[in-house]
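Each chain gets a letter, A, B and so on, in the order its sequence line appears, and its residues count up from 1.
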There are 2 protein chains.
Amino acid sequence: MARKVSDSDSVRRQNRGLVLGALRVEGPLSRTALASGTGLSHASITAITQDLVEQGIILDLEPGERADARGRGRPATLVGFNRQAGSAALFEIDVNRARLSLVDYGGILVDRLETQLTPKSFAETPPTHFLAERLQQLQQRNPEHAKIIQRVAISVQGILNRDGQILKWSPVAHIANTPFAAELAEQFALPVSLHKRGRLLAEGARWLDPALADASVATVFVGSTVAMGMTFRGQILGRSDEGATEFGHMNHQPNGALCRCGMRGCVEAYASDYGVLRTAYSVPETATPAPAVPAQEYEGLIARAEAGERAATHAFNLAGRAVGFGLSRMMAVFDPSHILIVGPGARAFGLMQSEIYAALAGSLVCRVNGLPQLIAYRDEREPVFRGLLMKTLNEIDQTDFATRA
Amino acid sequence: MARKVSDSDSVRRQNRGLVLGALRVEGPLSRTALASGTGLSHASITAITQDLVEQGIILDLEPGERADARGRGRPATLVGFNRQAGSAALFEIDVNRARLSLVDYGGILVDRLETQLTPKSFAETPPTHFLAERLQQLQQRNPEHAKIIQRVAISVQGILNRDGQILKWSPVAHIANTPFAAELAEQFALPVSLHKRGRLLAEGARWLDPALADASVATVFVGSTVAMGMTFRGQILGRSDEGATEFGHMNHQPNGALCRCGMRGCVEAYASDYGVLRTAYSVPETATPAPAVPAQEYEGLIARAEAGERAATHAFNLAGRAVGFGLSRMMAVFDPSHILIVGPGARAFGLMQSEIYAALAGSLVCRVNGLPQLIAYRDEREPVFRGLLMKTLNEIDQTDFATRA
DNA sequence: AGCATTATTTTCACTGCTCGAATAAAAATG
DNA sequence: CATTTTTATTCGAGCAGTGAAAATAATGCT
C-alpha cells in the first residue's frame, strides 16, 4: 500500500515527467503541442519548459533544425532533448556475445563495443572485471560523454533474485550468483540495473510498433532459448522485474525432454533450436543439449522442413505443440490481445503455426475470448536494444530529471 | 500511458484517499495517528478531516466509544467512518446459492438475503430479474439504507469480457452472455461491478491475514471448481479485472479428462471434487462430470483416503499432480512468495501435498528461487465476502469520497 | 487548589503549483 | 502597412501542503 503523500513538489514532478514523456514518445514538439499532448495549460508548459531549459535538460531547436511546414501565424519553436544532458551505458549480454553501447540523452548511439563470448569467457574473466574493463575502454574513447553517464543498464537472460540485482540462474555460463551489478555500481559510482531480455523485447516491441503501444502483448522469443515478456495495456507489468517470465522453462511434458537448464520437459527443450535439432535427428530426448547451434544449421532445417522432409516437419510440429500449450497455459493466467513471435524461430512460424493454433483452440480462454492475434516478427536484436534504450532513458527522464532539485 | 495531469485537486484527492485508506485498514484513529500513518503534516490532517467531517463522511467518536488507554496530555479524539455516509449491496453468486448482503459504510452487515440455486434457476427467472427482485426486497426491508446505496458489487465465477461487464462463460447455468450488470445499473441507477470470485479470494486473504498484506500471494480455491486469484506485493494486479485467472481451466493434460467447461484435460477436471470422485470410482475420464457433488460424499472420500484406501489416495494423488503442475506452470509467468490453498479441498491438502511439491520441485523457478510457502486454509466463504466487502468500500472511499466536490 | 507538564489539535504566515485571461510576439496576407 | 492568425509569456487568483506557534485539555506534583 506504499502510496505516498502528494504535495506541490510531486505535482511538479508528475507534470515534468509528463512533458519529458511526451517528448520521448513524439520527438521534438512545440510548446502548444506539448500543452495539448499532456493536457497541461499553456501557462504551465511555459513554466515547466523554462525550468527544464534553464537546467539544460531540454533546449529550443534552431529554426533550421525543424521541418518547416509553415503557414500563417507565429512559427512554433520546437523543444527537444539536450543530447548533452546525460548519457547511458547499455550492455547486452547474450550466450555468445556481449555488446556495450553508449547512447546520449537524445537516444543517439555514440559508440559501441562488441565482444564474442564463449562458455569459458566468464570463467577466465570474472563478469565484474569483464564489464568494468569494457566500460572503462568506452569511457576513455569518449571522455566528454564519460562524465555525464548516469546509468548502466544490462540486458541479461535468466532468473533474477527478488531485488533484481543478482542473476540466480542463467544460460550464460559462469555469470549466475556473481554480484556484478552491485560491484559495478560501486566501482563506477553509478546506478546499475539488470533487465531480463524477454522483458525488454516486450518493451521494444511497444516502441517499434505504435499499434502495440497500448495493447496487452506477450512477446515470445524463439531461438537458442525460448523466452517471453509481457506488457499490460501498454504498461510493463509490475514496477521492476515482473513482466518478465520464465516461459521457456515452463513445464510442457512431465519428465520430458532434457533442457539446458537441467530440468526435464521445459518448453525450450522442444522449441528452441537445439530442441528442434535433437528431435529432427532422432537424438534421444535425454541426451545433453548441444551447447550452441550454428545459425545455418537451424536455417537448413527450416529449409528441409519447408521442402516437406518428414523428420524436420515433425520436429517443428513438436516445437509448435510445446509453444502452443505453453501459450495456452500462460493464457489461463494472463491473456494478451496480441502475441508476437520473434527471433530466429519466427522464420519457422509457418511450420509451427498449425500446432500452436490447435493447442490454443483447446483452451477455454481462447474458446471464449477468441484466439489472440499471433504475429511473427523477424529480427529480435533491435527490439532488445531499443527496449533497453527506451527503458533506460525513460528511467532517467522520470527519476533523475522529473525531480526538480 | 494514460498518466494524468496533476493539480491541486488531485493532490487533495490523493491525500484524502490516504486518510480514508488508513481508517479503512486501521479502524478509528486520532488525528495524530493519521498524521504519522499517512505521512501528512498535522496541519493538513486538520484541514482534511475538517472537510470530511463537514461532508458527513467521517465523524468524531464520542469519548465513551474509545478504549481508554489514557495517560498525561490532552486526550485524543478518534475519528471513524460515518456509517450512514453510504452503503453497498453485495451479491455472491455461486453454483448452488446466491447471497445478497447490505453493508453500511463502516463495513457492518445490515441485512442479508440467501437463496438456493439450481441449474434451472436462471432459466426460469432471467438473471436481471432475479437480482433486481432481491435487491428490491432488501431495499424495502431497509428503507433508510436504500436511499444511500452507492454501489452494487457482484461476485461471480467464470470468464468476463474485456470491459468486465458481461460473463462470457460461467459454471453457473444460464447466466453467461446476459447483460445483467448493465441492466441492473440502469434499473437502479447505480454503478454495478462484477468481480471474479478467485480474485476476491486473493483480496480477502490479504485483509484476513495482515502478514499477507504486502506479499505476492496466489490464492487457489479447490472445491467444486478450481480457481485462483493473485496479489502482487499487496496490490491486486492490474486495475480492473486482472489478477483473476482461469487457473482451473489451465490445460494439464493434452486431450485429458473431460472438464465441466467442455474442454479436455483442465486442472479442474482432475482436482475438483467431481474430478477426484470420478477418478476414485474409476469412471472413465471422458464421462460427463457430475453436476454437483454433495459435501459429505467428498468428505467421505477424504476420510477413506486418509484411512489408506488405494483408489481414494490415487485420486487425490492425481488431483495433487494436476494442481502441482498447474502451479509450476503458473510460476513460470508469475511467481508469488506465498500460495494459499482454500476451499473444501484445503482439507485434503495433506493427501495432495507430496504430489504438489514433487511437481513444483521439477520447475526451474522453484529450484532457483526455492519453493513458495504453501498454506492450506479452510473456509473460503468469509474471504470471498470480506474481499468483496473491502474491495467495494475501498472503491467508494477512493472514487466517491476522495474526490472533494 | 494551583501551577507545571505533557500530548493533541488548530491557527497562521509562507511557498509552490496550476489555471484562465490578457498581453506580447512573430509571421503571412491583402 | 494594417489585419489576421498562430504561438508563447505574463499576471493575478485560488488552492494545496508545511513548519512553527498557539490553543486546548487532561494529568501530576506541591
Using atom types as modelled, flag every donor-acceptor pair under 3.5 Å from a side chain in residues 145-155 of chain B to any protein atom, sequence neighbours excluded.
from: B:R151; atom 1: NH1; to: B:D400; atom 2: OD1; distance (Å): 3.3
from: B:R151; atom 1: NH1; to: B:D400; atom 2: OD2; distance (Å): 2.8

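In this structure, the side-chain contact (heavy atoms from CB on, under 4.5 Å) partners of B:L59, at least two apart in sequence or on a different chain, are B:L61, B:N82. Annotation: side-chain contact (heavy atoms from CB on, under 4.5 Å) contacts of B:S36 (sequence neighbours excluded): none. Judged as a ring pair (Phe, Tyr, Trp, His ring centres under 6.0 Å), and not counting sequence neighbours, the contacts of B:Y105 are B:F81, B:F401. In terms of the side-chain contact (heavy atoms from CB on, under 4.5 Å) criterion, residue partners of B:A22 (sequence neighbours excluded) are, by chain and number, B:L29, B:L34, B:T38. For B:D397, the salt bridge (charged side-chain N to carboxylate O under 4.0 Å, His left out) criterion is met by B:R24, not counting sequence neighbours. Every residue two or more places apart in sequence or in another chain was checked for a salt bridge (charged side-chain N to carboxylate O under 4.0 Å, His left out) with B:R13, and none qualifies. Every residue meeting the salt bridge (charged side-chain N to carboxylate O under 4.0 Å, His left out) condition with B:R83, not counting sequence neighbours, appears here in chain and number order: B:D104. Listed by chain and number, the residues in a side-chain contact (heavy atoms from CB on, under 4.5 Å) with A:D209 are A:A211, A:L212 (sequence neighbours excluded).
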Please enumerate all protein N or O atoms sitting under 3.5 Å from an N or O of nucleotides 28-30 of chain D, with distances to 0.1 Å.
from: D:dG28; atom 1: O4'; to: B:R72; atom 2: NH1; distance (Å): 2.4

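Using a 4.0 Å cutoff on non-hydrogen atoms, the parts of residues 27-34 of chain B near DNA chain C are B:S30, B:R31, B:T32, ordered by number.
The distance from the OG atom of B:S30 to the CG atom of B:D60 is 11.0 Å, given to the nearest 0.5 Å.
Put simply, CZ on B:R74 is 12 Å from C1' on D:dA22, counting in whole angstrom units. One interatomic measurement links the two molecules: CD of A:Q50 to P of D:dT9, which rounds to 6 Å at whole-angstrom precision. In this structure, B:R13 atom CZ and C:dT18 atom P are separated by 15 Å, rounded to whole Å.
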Let me have a per-nucleotide readout for nucleotides 12-18 of chain D, 5' to 3', with B, S or -, counting only protein heavy atoms under 4.0 Å. ---SSSB

